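Small disclaimer: the values here were computed from a predicted structure and weren't measured.
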Amino acid sequence: MTEDKKKYPLNLPDTTFPMRGDLARREPQMLARWQEQQRYQKIRAARQGKPVFILHDGPPYANGDIHIGHAVNKILKDIIVKSKTLSGFDAPYVPGWDCHGLPIELQVEKKHGKAIPPSQFRELCRAYAKEQIERQKKDFIRLGVLGDWDHPYLTMDYKTEADIIRALGKIYQRGYLYQGYKPVNWCLDCQSALAEAEVEHEDKVSQAIDVCFEVMNKKALGKAFGVSLPADAKVYAVIWTTTPWTLPANQAVCVHPELEYDLIKTAKGYLVLAYDLATQCLARYQLGGSNDRGDGIAATCKGEALEGLLLQHPFYGRNVPVICGDHVTLEAGTGLVHTAPAHGLDDYFVGQKYHLPTDNPVGDDGKFTANLPLVGGLFVWKANDVVIDALQTSGHLLHIEKMQHSYPHCWRHKTPIIFRSTPQWFIGMDNVAHGVTTDTENLVQEKRSHSGKPEKRVGMSLRDLANPAVAQTEFFPSWGRARLEAMIRNRPDWCVSRQRNWGVPMPFFVHKETAQLHPRTMELLEQVAKLVERDGIEAWFSLNSVDLLGAEAEHYKKLTHTLDVWFDSGVTHASVLERRAELHAPADLYLEGSDQHRGWFQSSLLTGCAINDRAPYKALLTHGFVVDGSGHKMSKSKGNVIAPQKIFDTLGADILRLWVASTDYSGELTISDEILKRVVESYRRIRNTLRFLLANIADYDTQQHTLPLNEWLEIDRYALELMQRLQAAVQVDYERYEFHLAVQKLQGFCTEELGGFYLDILKDRLYTAGENSAARRSAQNALYHITHALTRLIAPILSFTGEEVWEVLSGKNNVSVFEQEWHRLPMTLEGNAGLSADWTTITSWRAKVNKQLEEARAAGLIGSALAAEVDVYVTGTDCNVLARLGDDLRLVLITSRATVHRVGTSAEERIVVTPSTHTKCERCWHYRADVGGDAYHPTLCGRCVSNLYGSGEVRRYA
């Protein structure tokens with residue numbers, strides 16, 4: 001057999017592209033070579049002068065190794081950047097890191113303790129962040145993410161820190177920044193204010209209590225209700241709260257002006273309750289009473305009639321008023337709301353209306369001030385029991401029960417937080433812009449804006465600017481718009497000040513007596529920014545005020561507040577996009593997890609509108625979170641974490657990339673070992689397809705073997721059309737960021753159109769036709785274009801494999817596929833519509849024949865399909881389509897004979913499979929009557945003899 005094969009050669013495929021990817025071992029070798037060759041820089045050079053597309057990197061936090069969510073995020077960004085690059089854009093990618101803030105402080109404290117001088121502490125924080133960045137960077141690069149890794153942006157870079165200060169100055173200058181004493185989210189563990197994005201809601205069990213506030217002026221109350229009360233009657237307004245510890249700060253009881261309230265006689269005395277809640281309240285208290293309007297006992301009035309009544313605080317010797325507020329609801333409680341302006345935003349705002357004091361008796365550490373009666377020196381949670389005991393003793397407690405409800409928690413410590421009034425700095429959502437534009441700002445805007453200087457919108461609030469900015473933004477997926485709109489509509493002012501060590505300072509000088517900022521604040525900010533640009537944030541912390549203020553220093557206090565880290569990252573449109581020559585603002589796209597609607601998307605939107613009256617992005621893309629195979633959140637305690645490092649160290653980064661791309665990121669992304677096994681199988685099918693293509697064009701030379709399209713065999717032209725359709729469809733998927741649809745199409749094309757149809761049919765021609773015959777070269781023409789197009793289409797997703805294929809295709813190991821653009825396929829010939837319709841019919845009948853062949857094989861009638869002869873009985877147009885293929889039909893069906901018979905009706909249509917009675921050709925394995933017809937080659941069919949020693953077979957269709 002070996003001698004015969006040597007005697008009768010086949011055009012066997014040949015390629016250096018290995019069947020096994022061996023990705024885990026070979027990918028790091030590729031990366032080392034790419035870095036040595038400076039591939040990213042070469043791609044940038046190749047795209048110089050092209051339209052620019054900017055995906056601005058939302059900075060991950062420089063703490064801890066990357067997890068699977070990081071991998072999803074970076075891979076999605078990389079797919080977009082690479083697909084845009086292949087689309088002809090100059091798409092630079094500058095990765096970034098968020099470097100300041102509490103998590104790093106906690107890590108440094110854990111390692112070095114708290115007894116460290118502040119300046120040394122900040123240096124340790126900087127060093128820790130740098131170390132973490134290098135660890136994360138190594139893994140991001142290992143994922144195959146191309147970017148300017150040698151020059152990332154870091155929020156702790158001196159220049160960036162300085163530009164963060166400058167951004168703060170611009171927001172202050174436009175009138176959006178103010179100092180206020182109002183409730184903020186306060187973490188008792190951080191001992192610092194929290195941004196909205198740093199708060200998560202988790203279930204908490206609280207003690208829900210109903211408390212009596214005695215009415216001081218029964219005559220006034222009687223007048224409000226239109227009744228006369230006995231002189232010795234006890235009358236109480238009843239509130240309900242789940243935070244007993246806030247009662248020491250109570251300054252009022254709030255009712256809704258339009259709700260109806262009843263005065264109800266009970267064994268306890270007369271109670272004031274909302275009419276709609278009274279029945280369930282009385283049942284809760286186990287008190288007899290009536291709120292029946294017709295029995296002459298109870299009376300009713302609107303809440304507005306109760307406004308101004310004085311009540312006795314239940315355990316302090318002060319009177320508090322009844323006030324009106326629209327925030328009062330009937331969802332729970334009594335319809336009367338305990339109001340402590342120091343501990344709630346609704347309470348604060350209604351308190352401002354009534355000029356209530358905002359006295360906060362709780363310190364940074366969560367303990368009440370030492371001299372406060374009853375709870376002085378107690379931690380707030382411990383004060384709950386003390387307050388409840390006092391209320392029980394005095395008879396003011398009507399009911400107590402444990403209640404599980406949603407409550408705000410610190411996202412870092414996972415512990416309950418409190419609302420606490422402190423002097424902080426805020427960006428006001430409803431403050432009106434001054435419309436001041438500096439010369440420096442104009443210069444930056446002129447450089448970056450396509451339309452020249454921006455027009456500052458004077459007299460508009462930040463909320464008014466943000467709403468249309470959201471409307472002008474494109475969202476992927478579309479539901480993100482409603483989510484961000486709702487958040488902007490309802491969000492409170494942004495508390496941007498923090499009481500931390502490791503952060504960008506708020507370099508303000510505040511007058512000790514008036515609490516006003518220095519009149520030269522903008523000038524001083526720029527001086528500080530220049531110092532920070534040279535020496536980092538330590539320049540401010542170590543600054544002697546006299547150096548900037550001279551004799552004025554004794555009248556001013558130097559602030560020690562730092563900025564919220566969301567401000568750091570939120571102004572990277574100013575500190576990065578507007579500062580780096582290869583970037584521009586607004587960015588074309590921001591891409592992050594769905595939690596960033598309340599995080600980076602929002603902080604960027606607000607600072608962009610505050611500085612430039614616009615969003616810093618044209619589009620937002622959000623992806624979901626990763627869950628395990630059972631839909632559970634990844635958790636170390638559950639033991640269900642799948643680390644990206646394990647995947648790329650065992651399976652390869654391309655497997656991880658294919659999983660990301662094949663998953664619909666608009667919802668949760670599910671991963672498990674079983675899912676990864678399926679991804680590996682999908683990868684193998686794609687890789688095997690690429691290997692087949694490469695192996696069969698190894699001897700193809702475009703200079704010598706290119707044929708005009710009209711000289712191609714018909715099936716080759718049809719295959720080209722299939723490739724054209726695929727390329728157009730996948731390009732649309734890339735443009736819409738619907739990568740899972742692109743993967744479905746690519747996998748289907750490799751498996752069905754190529755593996756199950758075209759390549760299956762093509763093998764006979766490629767292997768048995770004359771080596772330099774027109775039939776074989778026609779096939780190679782088609783395969784050449786399919787390989788080039790397919791390689792580019794898979795490259796954004798399977799980047800290592802795409803580069804590996806490109807090295808074989810180009811014959812060079814120093815040229816990247818991403819220096820190319822989407823492949824220019826030959827134009828389809830006129831009249832190809834009929835061709836497509838015909839081959840759709842042929843494909844349909846081929847599937848029917850394959851089914852019959854499979855049944856014949858299962859019945860033991862035949863071995864391989866080539867051992868069969870097929871008779872196809874068919875009607876009308878289909879008969880014409882199949883018949884015109886002539887002898888080429890058997891090549892399409894991969895049988896040794898195929899004959900078409902015309903029948904009159906569809907009922908007569910059938911396929912008959914019979915075993916061939918002829919001899920099998922030793923070379924092509926077809927069973928033909930002419931095997932042995934040539935005495936010199938007794939084991940060959942006439943076709944093989946002609947292909948080897950004669951003029952070669954003639955094919956027109958397949």
Side-chain angles (χ1 to χ4, degrees), residues 38-60 62 74 77-78 80-82 84-85 89-100 129-130 133 136-137 140-141 145-170 438 440-450 454 504 526 529-530 532-534 536-537 567-592 600 603-605 607-608 611-612 614-619 818:
Q38 294 191 309
R39 283 241 167 143
Y40 175 78
Q41 289 74 15
K42 289 184 69 178
I43 293 167
R44 296 278 65 73
R47 285 293 179 273
Q48 193 168 8
K50 296 285 188 177
V52 178
F53 178 90
I54 301 299
L55 187 158
H56 183 37
D57 190 33
K74 279 292 192 283
K77 290 173 180 174
D78 192 54
I80 291 172
V81 168
K82 286 172 176 171
K84 290 295 181 182
T85 300
F89 287 92
D90 180 7
Y93 176 63
V94 178
W97 273 272
D98 214 347
C99 308
H100 300 113
K130 185 176 180 182
I133 288 165
Q136 292 185 5
K137 183 196 296 186
F140 286 144
I141 292 172
V145 178
L146 272 178
D148 196 355
W149 296 107
D150 293 333
H151 307 98
Y153 79 83
L154 313 178
T155 58
M156 69 177 184
D157 282 344
Y158 292 176
K159 186 167 177 28
T160 305
E161 289 175 335
D163 284 337
I164 292 169
I165 290 172
R166 291 184 175 108
L168 177 68
K170 291 175 183 177
T438 65
T440 303
E441 188 177 352
N442 275 336
L443 287 173
V444 171
Q445 293 301 326
E446 284 182 58
K447 176 186 174 187
R448 299 299 180 188
S449 174
H450 300 296
V504 176
E526 182 55 32
K530 287 177 178 175
V532 170
E533 198 166 321
R534 186 186 68 195
I537 57 175
F567 188 90
D568 287 15
S569 58
V571 297
T572 52
H573 57 86
S575 62
V576 178
L577 292 180
E578 292 183 358
R579 289 297 192 180
R580 293 185 67 142
E582 73 273 33
L583 306 178
H584 66 230
D588 294 282
L589 183 67
Y590 278 27
L591 182 162
E592 296 302 327
W600 190 55
S603 64
S604 299
L605 172 69
T607 57
I611 295 172
N612 295 316
R614 69 183 183 206
Y617 40 70
K618 297 175 184 176
F818 299 110

Asks: Listed by chain and number, what are the side-chain hydrogen bond (donor to acceptor under 3.5 Å, both in side chains) partners of D90, not counting sequence neighbours?
Replies: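 So D90 forms a side-chain hydrogen bond (donor to acceptor under 3.5 Å, both in side chains) with R44.
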Asks: Mind listing the closest non-hydrogen atom pair of Y590 and L577 along with its distance?
Replies: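 So the two residues come closest at OH-CD1, 4.0 Å.
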Asks: Measure across Y40 and L146 and return the closest heavy-atom pair with its distance rounded to 0.1 Å.
Replies: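 Of all heavy-atom pairs spanning Y40 and L146, the closest is CD1-C, 4.2 Å.
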Asks: With no hydrogens and no angle check, just 3.5 Å: does a side-chain donor-acceptor pair link E578 and H584?
Replies: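 Note: E578 and H584 side chains miss the donor-acceptor criterion.
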Asks: One pair to check against side chain to side chain contact (heavy atoms under 4.5 Å, CB included): V52 and F89. What are the steps and the verdict?
Replies: CA-CA 6 Å; V52 178; F89 287 92; over 6 Å; no
Asks: Specify the closest pair of heavy atoms between G570 and T607, including all atoms of both residues, with the distance to one decimal.
Replies: O-OG1, 2.8 Å
Asks: Mind checking side chain to side chain contact (heavy atoms under 4.5 Å, CB included) for D157 and listing every partner two or more places apart, or none if nothing turns up?
Replies: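 L154, T160.
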Asks: Heavy-atom distance under 4.5 Å between the side chains of L583 and V94, does that happen here?
Replies: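 Contact flag for L583/V94 side chains = yes.
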Asks: Between I133 and A62, what is the shortest heavy-atom contact and its length?
Replies: CG1-CB, 3.8 Å
Asks: Taking the ring centre of each residue, are Y153 and H56 less than 6.0 Å apart?
Replies: yes
Asks: Which heavy atom of A129 sits nearest to which heavy atom of C99, and what is that distance?
Replies: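 Shortest heavy-atom contact: CB-O, 4.1 Å.
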Asks: Do V81 and F53 have side-chain heavy atoms sitting under 4.5 Å apart?
Replies: no
Asks: With heavy-atom distances below 4.5 Å as the criterion, would you say the side chains of P586 and Y617 are in contact?
Replies: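 With C-beta onward as the side chain, the pair stays apart.
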Asks: Who are the side-chain hydrogen bond (donor to acceptor under 3.5 Å, both in side chains) partners of K50, not counting sequence neighbours?
Replies: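 E821.
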Asks: Would you check if K159 and R534 make a side-chain contact, meaning some heavy-atom pair closer than 4.5 Å?
Replies: no
Asks: Is the shortest heavy-atom distance from the side chain of I54 to the side chain of P92 under 4.5 Å?
Replies: yes
Asks: Quick test of your reading of the model: are K77 and E592 salt-bridged, counting only N-O distances below 4.0 Å?
Replies: yes
Asks: Of all heavy-atom pairs between F140 and P60, which one has the smallest distance, and what is that distance?
Replies: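 So the two residues come closest at CE1-CG, 4.1 Å.
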Asks: V532 versus Y158: any side-chain heavy-atom pair under 4.5 Å?
Replies: no
Asks: Dump the intermediate steps for salt bridge (Lys or Arg N to Asp or Glu O under 4.0 Å) on R580 and D148, then the final yes or no.
Replies: CA-CA 12 Å; R580 293 185 67 142; D148 196 355; 3.4 Å; yes
Asks: With rounding to the nearest 0.5 angstrom, report the CD1 to CG distance, I80 to L55.
Replies: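 Output value for this atom pair is 5.5 Å.
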Asks: Measure the shortest side-chain to side-chain distance between W97 and M156 over non-hydrogen atoms and say whether it is less than 4.5 angstrom.
Replies: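 Heavy-atom side-chain distance check fails, nothing below 4.5 Å.
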Asks: Can you tell whether the side chains of E582 and R47 come within less than 4.0 Å, N to carboxylate O?
Replies: no
Asks: State plainly whether the residues D78 and K82 are in salt-bridge range, i.e. N to O under 4.0 Å.
Replies: yes
